[in-house]
Every structure is written in structure tokens, then in C-alpha cells.
Amino acid sequence: YAVAIQFGAILAVVGLFWKRFVSMVAGLFGRDEGGRHLLIVLVIAFLPSAAVGAVLDKKIESALFGPWPVVIAWVVGGVVILVLERSGRIPDRGVTAAAGTDPLLDITYRQALIIGVVQCLALWPGTSRSLTTILAALLIGVAVPAAVEFSFLLGFATLSAASVYKMAKDGGTLVDQFGVVTPLIGVLFAFLSAVIAIKWLVGYLQRHDLTIFAWWRFGAAAITAGLLVSGVI
């Protein structure tokens, strides 16, 4: 169910970045060089997590799909954010691309591969896929707007593949357990929340650092751990 409703977030990315998708389709047919380059770097970045996920899918589900692994991932992610921010490793948000250039199209094959490898960390439940890819992009010199946009475009490919794979494998079980209407409601609200979250995040990260997300993760981890220890959940 959690994977199925990701279709809502996928549709949100398509709606918000539809010009990029048009450009990539044109590039596929040799009519847009920039779109072709973007398509290639997205494929490069997508492949590592797709390969690792396909090989380790069952092991990840059996070992890491549980409340305590998620709590640990929240804490670790928060620590990583604070360490990187306070060490000055993340570039200044004021750095922008030269006028008339598109920093998204400046992402190289090597950078795409690095981002894709780091995205594999998000196979651990509780590790934010967008956080890992945005951090990786920023650390290797990608401008903030391009890092955020590339993360969400990469998310489209990654979430689409995961959703199609899971639905092909367990779609019948999903319908038997939840019916059709309940998943569709989930898709709708996933779409709405994704639109709001993406638009807010793009603007927020151009003016602020990532520290707030570290403290959010610590807070969520503390509350969840408390509820688990007390037997409430």
C-alpha cells in the first residue's frame, strides 16, 4: 500500500516539471540535445539503486522494515546533516549559475553516478531518498536549485520503477486487502502533499540550510522510540 500510493508523488513530479519531461522525450528522438543529456544522467543515477534493490529486495524487507531500523535511520540522518552543515562541507546557497545557463544540464556523468550510488543508502527505510540525493549533489558542487530538481526527477524514475515492480508482484494482494477506492484516496493525498512539499522545499533550500531537518528527525525518533518503549505502538 505504501509503495502503491507513491503514484501520487510520481504524478506530482510530472506535473511540476513537465517541461523537463517534454525536453527529455524530444531528446530521446534527437531533437533536444539538453533533454538527451538530462535523460542520460538520470539513467546513470537510477541504475545503482535499481540494481541493488533488485538483488537485495527480500533481505531489505526482512531485516530493515520495522520501527527500530527506521528510528535508527532518522537519528543517523540527523547526525550526518548537522556534521556536514557545521563543518562547512555544504556549499553556500548564494552560489548560482551564470546568467543564461541551466545548471541542471551541467551535471556530468561522473556526478550522476555518485548521486546514484549515494541514493542506494535510501533503501534503508527511514533514510530520506531526497535528502541523500540532494546532499550528495551539493557536496560534489551542484547548485542548490539543480540539486533539488535533479533529486525529484531521479525520484520519478526510482519511485516509478519500485511502484511498477511491487504492483506487478503484489498488486492482487493489495486489491484483495484494501480494495480499489482506499488506494486511490491514498494516491490523491500523496499527490497533494507532494505538490505542496516540493514547491515549499525548492524555495526553502534556496534561503536556508538543512539544520531544521536534522532536528525534525531527532524529534520524530525520540517520540517514536518513547511510544515503542512504552508499548503504545
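- Side chains of Q119 and T132: a donor-acceptor N/O pair is absent below 3.5 angstrom, by distance only.
- With a 4.5 Å cut-off between side-chain heavy atoms of Ile, Leu, Val, Met, Phe, Trp and Tyr, the cluster of V180 takes in V175, L184.
- Within the 3.5 Å criterion, the main-chain N or O of A221 finds no donor-acceptor partner in the side chain of T224.
- With R217 contributing its side chain and A73 its backbone, the two residues share a donor-acceptor pair below 3.5 Å.
- Annotation: side chain of I134 is not in contact with side chain of V144 (no heavy-atom distance under 4.5 Å).
- A donor-acceptor pair is defined here as one N or O able to donate and one able to accept, closer than 3.5 Å; no such pair exists between the side chain of W74 and the backbone of G219.
- Not one N or O on the side chain of H37 forms a donor-acceptor pair closer than 3.5 Å with the backbone of D106.
- Follow the hydrophobic side-chain contacts under 4.5 Å out from V22 and you never reach L16; the two are in separate clusters.
- How far CG of L42 is from CE of M24: 5.5 Å, rounded to the nearest 0.5 Å.
- Of all heavy-atom pairs between G78 and A214, the closest is O-CB, 3.4 Å.
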I'd like to know whether L104 forms a side chain to side chain contact (heavy atoms under 4.5 Å, CB included) with V41, so could you lay out the CA-CA distance, the side-chain angles of the two residues, the decisive distance to 0.1 Å, and finally the verdict. CA-CA 10 Å; L104 187 64; V41 293; over 6 Å; no
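- Checking side-chain atoms of Q111 against main-chain N and O of A137 turns up no donor-acceptor pair under 3.5 Å.
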Step-by-step side chain to side chain contact (heavy atoms under 4.5 Å, CB included) determination, L123 to L56: CA-CA 9 Å; L123 293 171; L56 300 179; over 6 Å; no
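- We find the CD-CD1 distance between E149 and I198 to be 10.5 Å, quoted to the nearest 0.5 Å.
- R20 and D32 are not joined by a salt bridge, as no carboxylate oxygen comes within less than 4.0 angstrom of a charged side-chain nitrogen.
- In this structure, F178 and P183 approach most closely via the heavy-atom pair O-CD, 3.9 Å.
- Residues F152 and L201 have side chains in contact (heavy-atom distance under 4.5 Å, counting atoms from C-beta outward).
- Residue pairs meeting the ring-ring contact (aromatic ring centres under 6.0 Å, His included) criterion with at least one partner in residues 2-35, sequence neighbours excluded, are F21-F156.
- The cluster map of Ile, Leu, Val, Met, Phe, Trp and Tyr, joined by side-chain heavy atoms under 4.5 Å apart, puts I5 and I196 in different clusters.
- In this structure, L227 places its CG atom where more than 12 heavy-atom neighbours from other residues, nucleotides or ligands lie under 6.0 Å away.
- In this structure, OG1 on T211 lies 15.5 Å from CH2 on W216, to the nearest 0.5 angstrom.
- Looking at R129, its side chain does come within 3.5 Å of a backbone N or O of S151 through a donor-acceptor pair.
- More than 12 heavy atoms of other shown residues, nucleotides or ligands fall within 6.0 angstrom of atom OH in Y204.
- Although no hydrogens or angles enter the test, the distance criterion places no donor-acceptor pair under 3.5 Å between the side chain of R36 and the main chain of G27.
- No side-chain heavy atom of P103 sits under 4.5 Å from any side-chain heavy atom of V142.
- With rounding to the nearest 0.5 angstrom, the CG atom of L113 is 9.0 Å from the CG atom of L47.
- The two residues V79 and F218 have their closest heavy-atom pair at N-CZ, 3.5 Å.
- For the pair L154 and F46, the minimum side-chain heavy-atom distance is below 4.5 Å.
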Assess the residue pair L82 and W215 against the criterion (side chain to side chain contact (heavy atoms under 4.5 Å, CB included)); give the C-alpha distance rounded to whole Å, side-chain angles, the decisive distance to 0.1 Å, and a yes or no. CA-CA 9 Å; L82 290 183; W215 294 113; 4.1 Å; yes
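- No path of Ile, Leu, Val, Met, Phe, Trp and Tyr side chains, each step under 4.5 Å between heavy atoms, connects F65 with L228, placing them in separate hydrophobic clusters.
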When you look at F213 and H208, which way does the ring-ring contact (aromatic ring centres under 6.0 Å, His included) test go after all the steps? CA-CA 11 Å; F213 300 105; H208 305 85; 9.8 Å; no
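- Smallest separation of non-hydrogen atoms from V52 and C120: CG2-SG, 3.9 Å.
- Counting only distance, with no hydrogens or angles, the side chain of S160 and the backbone of A157 share no donor-acceptor pair below 3.5 Å.
- A distance of 9.5 Å separates CG in L39 from OG in S23, rounded to the nearest 0.5 Å.
- Between L205 and L210 there is a side-chain heavy-atom pair separated by less than 4.5 Å.
- Side-chain contact between I233 and P67 is absent, with no heavy atoms from C-beta onward closer than 4.5 Å.
- No side-chain heavy atom of W124 sits under 4.5 Å from any side-chain heavy atom of V70.
- Grouping the Ile, Leu, Val, Met, Phe, Trp and Tyr side chains by contacts below 4.5 angstrom, directly or via other members, places V14 apart from F189.
- Distance CG/L38 to CG/L153: 6.0 Å, rounded to 0.5 Å.
- Put simply, I81 and V75 are part of two different groups of oily side chains (I, L, V, M, F, W, Y) that touch within less than 4.5 Å, one to the next.
- Between the side chain of T133 and the main chain of S130, a donor-acceptor pair closer than 3.5 Å is present.
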